[in-house]
Amino acid sequence: MIQAIVFDYGNVISQPQDRSCYTRMSALSGLTEEELLHFFWKYRAEYDRGTIRGEAMYRKVLSDAGIGGSEAVLVAMAKKLVAEDLGSWATVSDPVTEWGLSVQKEGYALGILSNMPFDFLELHGDKISLFCKADTAIFSCDVAQIKPEPEIYQTLIARLGCKPDEIVFFDDLAVNVEGARKAGIHSFVWTSLSQAKKDWNLALAGEV
């Protein structure tokens with residue numbers, strides 16, 4: 001019997017990323033979006049794991065990309081890049097929030113499982129209702145584990161106190177969904193709220 005519903009944050013609880021941030025980030029740094037993302041992904045896993053903070057990460061991105069200047073200028077630029085990056089993910093979906101809280105009111109445990117850096121939590125975490133009201137909220141930076149590593153799903157299972165097959169998990173990335181399925185969790189790729197509701201009802205009916 002299903003006991004818990006668990007949500008990822010980015011592109012699930014949040015509205016889709018505001019990609020206009022890259023236009024501003026390119027103007028700040030002199031790098032194209034493709035160049036920014038190329039160097040960013042070198043550090044993304046450790047950023048989410050909490051072993052590097054945003055300012056230091058973007059300072060490395062600028063260094064790797066060959067962007068020169070005084071240390072003061074580069075640090076100021078890195079701070080602005082962090083603000084643009086984090087702000088692009090800060091808008092929450094009200095309908096998803098309302099649905100998550102309504103499911104919780106029906107007696108199901110509400111969980112969050114998100115790859116997330118400390119910087120975002122510190123700036124925006126206390127403004128996100130589902131984070132504040134969740135029965136269990138697991139953020140990668142807090143546990144030094146990231147999806148789709150097997151350990152983070154075991155952390156989720158232990159914190160919820162449920163059997164794996166009593167949990168339903170939604171994530172926008174197929175690789176993270178597959179990781180959860182390997183742990184025995186009923187998991188679905190999030191494509192829309194309407195589809196998620198259908199998937200949830202199928203799980204409740206034991207049809208997945």
Side-chain angles (χ1 to χ4, degrees), residues 7-93 112-128 130-131 137-156 169 171-180 182 189-190:
F7 297 97
D8 176 35
Y9 177 70
N11 293 319
V12 179
I13 295 172
S14 82
Q15 293 187 13
Q17 183 188 22
D18 174 11
R19 296 187 67 85
S20 69
C21 70
Y22 293 117
T23 300
R24 296 184 292 276
M25 293 169 80
S26 292
L28 281 167
S29 65
L31 299 172
T32 66
E33 176 180 344
E34 290 73 21
E35 289 170 331
L36 273 167
L37 290 175
H38 170 74
F39 292 108
F40 170 79
W41 280 100
K42 179 179 177 180
Y43 301 104
R44 169 63 188 271
E46 295 313 308
Y47 187 38
D48 284 342
R49 199 185 301 277
T51 59
I52 189 171
R53 299 297 291 258
E55 182 182 321
M57 181 193 68
Y58 272 107
R59 182 66 186 81
K60 287 177 178 290
V61 166
L62 293 170
S63 177
D64 289 356
I67 302 299
S70 70
E71 185 64 17
V73 167
L74 293 173
V75 168
M77 188 184 300
K79 288 180 178 179
K80 292 177 181 178
L81 291 171
V82 172
E84 288 288 352
D85 181 356
L86 299 181
S88 72
W89 292 104
T91 304
V92 171
S93 168
I112 308 296
L113 182 66
S114 180
N115 283 355
M116 182 166 292
F118 284 117
D119 301 82
F120 187 90
L121 280 180
E122 290 172 357
L123 280 174
H124 303 292
D126 62 357
K127 304 178 187 72
I128 299 170
L130 289 180
F131 290 6
I138 297 171
F139 302 109
S140 58
C141 60
D142 286 334
V143 296
Q145 300 166 342
I146 58 174
K147 297 176 294 184
E149 294 173 351
E151 292 81 7
I152 198 166
Y153 301 105
Q154 296 305 317
T155 298
L156 174 69
F169 173 56
D171 195 295
D172 67 311
L173 296 180
V175 65
N176 294 338
V177 168
E178 182 58 28
K182 288 178 180 178
V189 175
W190 181 280

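Note: S14 OG to D172 CG = 8.0 Å, rounded to the nearest 0.5 Å. Note that CD1 of I52 is 7.0 Å distant from OH of Y43, once rounded to the nearest 0.5 Å. A distance of 9.0 Å separates CG of D119 from CD of E55, quoted to the nearest 0.5 Å. Within the model, atoms CH2 of W89 and CG of D18 stand 10.5 Å from one another, a figure rounded to the nearest 0.5 Å. Here OG of S29 is found 9.5 Å from OH of Y58. Values are rounded to the nearest 0.5 Å. The structure places CE of M25 at 10.5 Å from CZ of R19, a figure rounded to the nearest 0.5 Å.
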Should L81 and V61 be marked as a side-chain contact (heavy atoms from CB on, under 4.5 Å) after you check the CA-CA gap, both sets of side-chain angles, and the distance that decides it?
CA-CA 10 Å; L81 291 171; V61 166; 5.9 Å; no
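In this structure, S26 contributes its side chain and T23 its backbone to no donor-acceptor pair below 3.5 Å. Between the K147 side chain and the L113 main chain, a donor and an acceptor come within less than 3.5 Å of each other. For S140 (side chain) and M116 (main-chain N/O), a donor-acceptor pair under 3.5 Å exists by modelled atom type. Checked by atom type and distance alone, the side chain of E149 pairs as donor or acceptor with a backbone atom of I146 at under 3.5 Å.
Considering all non-hydrogen atoms of both residues, D142 and L121 come closest at OD2-CD1, 4.0 Å. Minimum heavy-atom separation, L74 to I67: CD2-O, 3.9 Å. Counting all heavy atoms, side chain and backbone alike, R59 lies closest to E71 at NH2-OE1, 2.9 Å. Of all heavy-atom pairs between F169 and N176, the closest is CE2-O, 4.1 Å. The shortest non-hydrogen separation linking R44 to D48 is NE-OD2, 2.6 Å. Annotation for G30 and E35: closest pair O-OE1, 4.5 Å, computed over non-hydrogen atoms.
Applying the side-chain contact (heavy atoms from CB on, under 4.5 Å) test between I112 and each of I128, L156, I13 identifies I13 as the sole match.
Between F120 and Y9, the ring center distance clears the sub-6.0 Å criterion.
A salt bridge does not link K60 to E46: none of the charged side-chain nitrogens sits closer than 4.0 Å to a carboxylate oxygen.
Using a 4.5 Å heavy-atom cutoff, the side chains of Y153 and P148 are in contact.
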